[in-house]
Amino acid sequence: MDPLELFRNETESILGSILGKKGIDHRPEFGDAPKGLGDAAFPCFPLAKVLKMAPVKIAEELAEECKAHLRRSDFRLIEKVEAAKGYLNFYYNEKELMRLTLRAIDEMGRDYGKGKQRKERIILEHTSANPNGPFHVGRARNPIIGDTLARILRFAGCDIVTEYYVNDMGKQAVILAWGIDNLKGKVEKGKGKNDHRLVPFYQRASALMNENPDVLEEINAMLKRYEKGDRKIGKEVQHYCSLILEGMKHTLREMNILLDNYVFESRYVYNRDVTGVIEKLRQSDYSREEHGAYYLELEDFGIQGRETRFFYTRKDGTSLYTTRDLAYHLDKLRRGDRVIDVLGEDHRLQARQLAIALGELGEEKKPEVIFYAFVSLPEGKMSTRRGRVVYLDNLIEEALERAYKEVHKRRPDLSEEDKRRIAKIVGIGAIRYNIIRVQMEKSMVFRWEEALNFEGDSAPFIQYTHARASSILRKAGDEGSVLKEEAAGYLLDPNELALIRALARFPGLVQECAYRLKIHTMASYLRETARLFNQFYRECPVLTAPEGEREARLLLVRAFRSVIATGLGLLGIEAPEFM
RNA sequence: GCCCCCAUGGCCUAGUUUGGAUAUGGCACCAGCCUCCGGAGCUGGGGAUCUCGGGUUCGAAUCCCGAUGGGGGCACCA
């Protein structure tokens, strides 16, 4: 149930019929009016030319006709219509707005805002980081964006499956295996989880390969045998990859991120899908060959730059990463109605090449790709090689520690167990929120003080309002639920109305987030709604309010707490009862 | 060399896709608010020629062209 949708329907219907009578084929499009000037605004400027009238005049005339129309019919939700500076402003009947919104939330609880279940299946690929070392924060945007998007789409009603594509084939994977095999005892193991323990082997092997042509030769030979189907090498490489992946999964779990499927790249070589892709691509009109290696000439597709060729086999006939990715995408497109990929912006060109190649393979559907810009450090790009990285695990550790100190300072009365639990909820929330609050195409510079911000525009700020609301409800016990339809009659303060307006927007916002694949708007919404609650909290005492008013306010607090908890949940952030 | 993305107060950011009324919040700064439901909060204040230059339009942060600055990419790597 979307309280605003009903209102929109009424305004569109009334204005549509009036314009229709005038013979104007103009589907009314509404915008938001500035504060205090109504709930839906119709700009009359575009009509000026058609009607040969001043916009101000048009607005006044239309307002009169709307008023007449309103008197004749039963549009309950529209309170009034006014003309102002060339705009036609519709006002939502405040009592109805409050009644409908509070009732919807009270009845639906945590399902308020949930979209109708759709049949169409979405496969969302995200994270897919190479299993050769721990996550660093430069790449942490991917799993957080991906997981949040999945949560929102699912809530919006989509049938969605999330997938991590594991690169257990290719050079990276072989370098790691070569390193572990050949450098045992020569390289000091890292500490802790598998990903940290084993990454030094990868780093050292990678360096050796660049210095020493013999090593490179060895690794290439190993790679070739692997791809040609050598079971022993295959098993070994995959084993090391999965060891590291285990450590990486642990980090994801810490961040409240669980994926449905882990799809291994090697599978598409073993099941011959990759061979099929190569054979089919060779029949493309754009396919060429050079020294035994095959490529697609993409100049005609608008690909520009130094190199317009897109290689899909090496000269030894083995596949490349993108070839295997093509097989994976064909598989995904077969399994799902929509395919969404979350990728770093360094993959923009590859994504275009992939889309073109899919077309050449006869695939009509295309993956929808969303790109995020990188997180860098104040001193520059993150680089594992130069030791200029912040690992996600270290960030998490730091966040939990700082959150623990805060909790301990503010709530020394809590048990040790509670303090730890709250610290985790707050620390992880702060990290996730900090990534999500910014539009993903904007690059961001990682700063500890921002990533661990617990005030203002942050998850802890929102979580705090949830704890406050919970505290009130705890003290009130189960009262308040007696009042339902009449509650609106007691809510007369502008702060109450402002808060309810925000709660009414929630269902529409969920759909918009899902439709546009924009998730930062959910973060903005929650921050704004939490702010409104704090203002209400300050101005409208609940527990000490007189009979009636007290119950009505309790209903509002309960509604707020429910929506804010649902919203935080969509961001993968927990909402504590106290903190 | 060529292609793509980004640019909003000292710093971070919303609004840009679908042009519309006074440009959204936060941090920092200044001044206030706990005998009162939790001050991780609230109120007030100062601070923005929306990078620059053209154009389209009744109207541009938003659309178009150009420039500048920053980021990314242009492998028989992934």
Side-chain angles (χ1 to χ4, degrees), chain A residues 29 31-35 37 41-46 48-49 54-55 84-87 89 130 132 167 169-173 175 265 290-295 302-309 311-318 320-322 324-325 344-350 352 371 373-374 376 381 403 406-407 409-411 426 434 437-439 441-445 447 449-450 453-465 467-476 516 518 520-521 523-524 527-528 530-531 533-535 537-545 553 557 578-579:
Chain A
E29 281 191 25
D32 293 324
K35 226 194 279 162
L37 289 178
F42 174 71
C44 300
F45 307 95
K49 227 172 228 169
K85 291 182 183 170
Y87 290 87
N89 295 329
N130 285 338
N132 51 22
N167 303 160
M169 195 169 249
K171 211 164 243 177
Q172 253 88 338
I175 291 170
E265 188 184 3
E290 185 185 69
H291 311 308
Y294 286 84
Y295 64 91
I303 298 290
Q304 284 157 299
R306 254 195 303 273
E307 178 63 83
T308 58
R309 296 179 297 176
F311 280 90
Y312 62 90
T313 75
R314 296 196 183 89
K315 68 176 169 228
D316 63 10
T318 56
L320 272 64
Y321 170 80
T322 24
R324 288 168 243 135
D325 204 19
E345 63 176 350
D346 53 336
H347 284 69
R348 280 195 131 101
L349 177 60
Q350 287 94 317
R352 278 187 70 193
F371 298 101
F374 287 115
S376 62
K381 205 179 159 182
E406 284 297 316
V407 177
K409 193 173 77 192
R410 294 163 197 274
R411 297 293 305 272
V426 168
N434 191 248
R437 60 185 258 267
V438 184
Q439 249 178 45
E441 46 276 353
K442 290 202 186 191
S443 56
M444 45 196 312
V445 176
R447 292 192 184 85
E449 64 274 23
E450 264 172 39
N453 177 30
F454 292 171
E455 293 171 3
D457 191 4
S458 74
F461 163 71
I462 301 166
Q463 290 168 320
Y464 180 70
T465 59
R468 266 184 157 178
S470 301
S471 169
I472 292 176
L473 295 172
R474 204 165 38 239
K475 287 187 175 140
R516 290 168 38 170
K518 294 251 178 203
H520 73 278
T521 47
S524 305
R527 182 199 57 222
E528 176 63 18
R531 228 189 82 237
F533 176 77
N534 279 330
Q535 289 166 349
Y537 179 88
R538 165 83 177 208
E539 298 301 323
C540 308
V542 178
L543 298 176
T544 57
R553 285 179 177 170
V557 171
F578 54 88
M579 61 191 272

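Every value quoted in this text rests on a predicted model; they were computed, and no experiment measured them.
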(Q) Counting primed atoms plus P, OP1 and OP2 as sugar-phosphate and everything else as base, spell out the protein contacts along nucleotides 18-26 of chain B at 4.0 Å heavy-atom distance: B, S or - for each nucleotide, 5' to 3'. (A) --BB---SS

Q) Taking the same atom, C1', in B/rU51 and in B/rC29, what whole-Å distance lies between them? A) 25 Å

Q.
The side chain of A/Glu450 is closest to which nucleotide in this list: B/rC12, B/rU13, B/rG38?
A. B/rC12

**Q.** C1' gap between B/rU22 and B/rC64, integer Å
**A.** 28 Å

Q | Partner nucleotide of B/rU16 by Watson-Crick or wobble geometry (both distances under 3.5 Å) | A | none

(Q) Could you tell me how far apart A/Glu441 (CD) and B/rU62 (P) are, to the nearest whole angstrom? (A) 17 Å

Q: With a 3.5 angstrom cut-off on both distances, give the Watson-Crick or G-U wobble partner of B/rU68, or none if there isn't one.
A: B/rA7

Q) Looking at A/Leu543 and A/Ala476, what are the two nearest heavy atoms and their distance? A) CD2-CB, 3.8 Å

Q. Nearest-Å distance, CD (A/Glu449) to P (B/rU13)?
A. 14 Å

Q | Test ring-ring contact (aromatic ring centres under 6.0 Å, His included) applied to A/Tyr295 - qualifying residues, sequence neighbours left out | A | A/Phe311

Q: Evaluate the side-chain proximity of A/Ile472 to A/Tyr537: yes if any heavy-atom separation is below 4.5 Å, no if none is.
A: yes

Q: Based on the glycosidic angle (syn within 90° of 0, else anti), state the conformation of B/rC33.
A: anti

Q: Please measure how far the C1' atom in B/rG25 lies from the corresponding atom in B/rG15, and state the result in whole Å.
A: 11 Å

**Q.** Nearest-nucleotide comparison on RNA chain B, the residue closer to the 5′ end among A/Cys540 and A/Met444
**A.** A/Met444

**Q.** Heavy-atom donor-acceptor pair, A/Arg553 side chain to A/Pro541 backbone, under 3.5 Å
**A.** yes

Q: Before giving the answer on side chain to side chain contact (heavy atoms under 4.5 Å, CB included), spell out for A/Val557 and A/Val542 the whole-Å C-alpha distance, their side-chain angles and the decisive distance to 0.1 Å.
A: CA-CA 9 Å; A/Val557 171; A/Val542 178; 4.0 Å; yes

Q. Taking the P atom of each, how far is B/rC12 from B/rC74, in whole Å?
A. 28 Å

Q: May I ask you to say what A/Phe461 touches in the nucleic acid, namely base, sugar-phosphate or nothing, with a heavy-atom cut-off under 4.0 Å?
A: sugar-phosphate

(Q) Closer than 3.5 angstrom, by distance alone: can the side chain of A/Asn434 be matched with the main-chain N or O of A/Glu450 as a donor-acceptor pair? (A) yes

Q: Please name the pair of heavy atoms, one in A/Thr313 and one in A/Gly292, separated by the smallest distance, quoted to 0.1 Å.
A: OG1-O, 4.0 Å

Q. Could you run down nucleotides 63-68 of chain B 5' to 3' and tag each one B, S or - for protein heavy-atom contact under 4.0 Å?
A. ------

Q: Check whether any side-chain heavy atom of A/Arg437 sits under 4.5 Å from a side-chain heavy atom of A/Arg527, and report yes or no.
A: no

**Q.** Reading 5' to 3' through nucleotides 71-78 of chain B, protein heavy-atom contacts under 4.0 Å coded B for base, S for sugar-phosphate only, - for none
**A.** SSSBSBSB

So which protein N/O to nucleotides 31-36 of chain B N/O distances come out below 3.5 Å?
residue	atom	partner	partner atom	Å
B/rC33	O2'	A/Arg538	NH2	3.2
B/rC33	O2	A/Arg538	NH1	3.1

Q: Taking all non-hydrogen atoms of both residues into account, name the closest pair between A/Lys518 and A/Glu441 and its distance.
A: NZ-OE2, 3.3 Å

Q: Any strand is fair game: report the nucleotide pairing with B/rG46 by Watson-Crick or G-U wobble, both distances under 3.5 Å, or none.
A: none

Q) Looking at A/Arg468, does any N or O in its side chain come under 4.0 Å of the phosphate oxygens OP1/OP2 on B/rG39? A) yes

Q) Quick one: which of B/rA14, B/rC42, B/rC6 gets closest to the side chain of A/Gln439? A) B/rA14

Q: Quickly work out the A/Arg410 CZ to B/rG39 P distance and round it to whole Å.
A: 11 Å

(Q) Nearest whole Å is fine: how far is B/rA40 P from A/Tyr537 OH? (A) 10 Å

**Q.** B/rA67 to B/rC6 separation - C1' atoms, rounded to the nearest Å
**A.** 16 Å

Q. Would you say A/Val426 and A/Glu406 make side-chain contact, with heavy atoms under 4.5 Å?
A. no

Q: Using the P atom as the reference point in each nucleotide, state the distance between B/rC4 and B/rG66 in Å, no decimals.
A: 10 Å

Q) Looking only at atom P, what distance separates B/rG41 and B/rA78, rounded to whole Å? A) 49 Å

Q: Apply side chain to side chain contact (heavy atoms under 4.5 Å, CB included) to A/Arg314 and A/Leu320, showing your working.
A: CA-CA 7 Å; A/Arg314 296 196 183 89; A/Leu320 272 64; 3.3 Å; yes

Q | Who pairs with B/rC2 - Watson-Crick or G-U, where each distance is under 3.5 Å | A | B/rG73

Q) Which pair of non-hydrogen atoms, one from A/Gly344 and one from A/Phe374, has the smallest distance, and what is that distance? A) CA-CZ, 4.4 Å

Q. Think A/Ser471 has a side-chain N or O under 4.0 angstrom from the OP1 or OP2 of B/rG38?
A. yes

Q) Who passes side-chain contact (heavy atoms from CB on, under 4.5 Å) against A/Arg306, sequence neighbours left out? A) none

Q: Sticking with atom P, work out how far B/rG55 lies from B/rC2, rounded to a whole angstrom.
A: 27 Å

Q. Rounded to the Å, how far apart are A/Lys409 NZ and B/rG39 P?
A. 15 Å

Q | Beyond-backbone contact of A/Phe461 with A/Asn453, side-chain heavy atoms, under 4.5 angstrom | A | no

Q: First locate atom CD of A/Glu265, then atom CE of A/Met169, and finally report the distance between them rounded to the nearest 0.5 Å.
A: 7.0 Å

Q: Using a heavy-atom cut-off of under 4.0 Å over every strand shown, decide if A/Phe371 touches base, sugar-phosphate, or nothing.
A: nothing

Q | A/Lys442 NZ to B/rC50 P, straight-line distance once rounded to whole Å | A | 15 Å

Q) Would you say the side-chain atoms of A/Asn534 and A/Arg468 include a donor-acceptor pair closer than 3.5 Å? A) yes

Q. Does A/Lys475 put a side-chain nitrogen or oxygen below 4.0 Å from OP1 or OP2 of B/rG38?
A. yes

